Amino acid sequence: MKTRPVLPGVEWVGAVDWQRGLFDALIPLPDRTSYNSYLIRGSEKTVLVDATEPNLVHVLMTRLEDVEKIDYILSLHAEQDHSGGLPVVMEKYPQAQLLASPKGKENLSTHLSIPADRIRAVQDGETLSLGDKTLHFIHIPWVHWPDTLAAYLVEDRLLFTTDFFGSHLATSDLFASANVPRVYAAAKRYYAEIMMPLRSMVQKNLEKLQGLELAFIAPSHGPVYDQPEFILDAYRQWIGGPLRNTVVLPFVSMHGSTLQMASYFCESLAERGVAADPFDLTNTDIGRIAEALVDAPTLVIGTPTMLGGPHPGVVGATFLVNMLRPRLKYLSVIGSYGWGGRTVEILTEMLTALKTETLTPVLCKGLPGETDFQALDALADAIAERHTTLAEGTGI
Ligand code: FEO
């Protein structure tokens, strides 16, 4: 396995994971992923950036077969998918100094038991000369852990960003420009799953990087951005751009009543010019819900009442929505019950991280009837009206 040149003196030496199906024992990876590492060969010093997931460190080591000396190993983020291979790399290059942010130093000791005296913490704004190339370190905390660190290769205008701007995408394309639509979709989903809950920090770090001249952004997952403005602009849109005229509708139906309501409600919304993204939670990739929530103003949860509360499948999805902290503005619940319960209260009490207006829920006893369909129409009216108001304020 060979190294792949990004530009003169910078090579990609990472590993593509063509098989992994789940991240964090939670997030489906329909497009698999990659763990990028980069080798920077300055005229005087050589640097390895990150060390891949431990299961694939043999790929990295094969690519480094002919590299006799590494002066610095730069760990941009201590999560194991980028740092797990460090012990193997450090064994081959015992003279190499490990560099990380101060929090990274702490985390590498905590999670990988790397002795603190093997790690040098680099400060925000510090520079490191490699001879004809210079690395400039920028602390970018909370994209994704408090330790995350960016490194700017000044002469090449290349920014290493670890998880920031990444995409879970296994591909043989080194550069994003080879297939922009595919990378955009994977990066949006990645943003939804990893970055959206940390949106205010993502925004701050985006602003912090604003003054840099960029020819390349090299994240630790997915292809290298050789047209960086594409992903920078996408992030600006996902963080604060207009919302879509859409209702996200995750639902479960046990005996068909809630399904009837959800189906009718989608039609009713469509008649009012509002799109719906329904997700049957018995058969849904949760990453798709996360992605739909990036720019949706309204969430309507469909659930039967089960033993006095929402269906457990809905509870799990609602918990996830609250964790993801999307930019939702409106919330409601629809569904069917047999003999009462606290379904709406339980669900709304779970969504403490959202600042939403709750629109009148529609719960019916047993099969939905004419008055229930009228109530769904009224809910669709209320949503259409609010979306129109948002659009007038350019929020859609
Ligand atoms: Fe790709 Fe937060 O690790």
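Whatever order the structure lists ligands and atoms in, that order sets their numbers, starting from 1. Predicted model only: the values in this text are computed from it and were never measured. Numbering starts at 1 and runs along the sequence shown.
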Co-members of Leu39 in a cluster of I, L, V, M, F, W and Y side chains, linked at under 4.5 Å: Val13, Leu48, Val57, Leu60, Met61, Leu64, Val67, Ile70, Ile73, Leu86, Val88, Val89, Met90, Tyr93, Leu98, Leu108, Leu112, Ile114, Ile119

Proximity of His111 and Trp145 rings by center, below 6.0 Å: yes

Number of protein N/O/S atoms that sit closer than 2.8 Å to atom 1 (Fe) of ligand 1: 4

Ring centroid separation Tyr225 to Phe165 under 6.0 Å: no

Parallel, tilted or perpendicular, as decided by the 30° and 60° cut-offs, for the rings of His221 and Tyr190: tilted

Transitive ILVMFWY cluster of Leu22, excluding itself - 4.5 Å side-chain cut-off: none

Members sharing Leu367's hydrophobic cluster (side chains within less than 4.5 Å): none

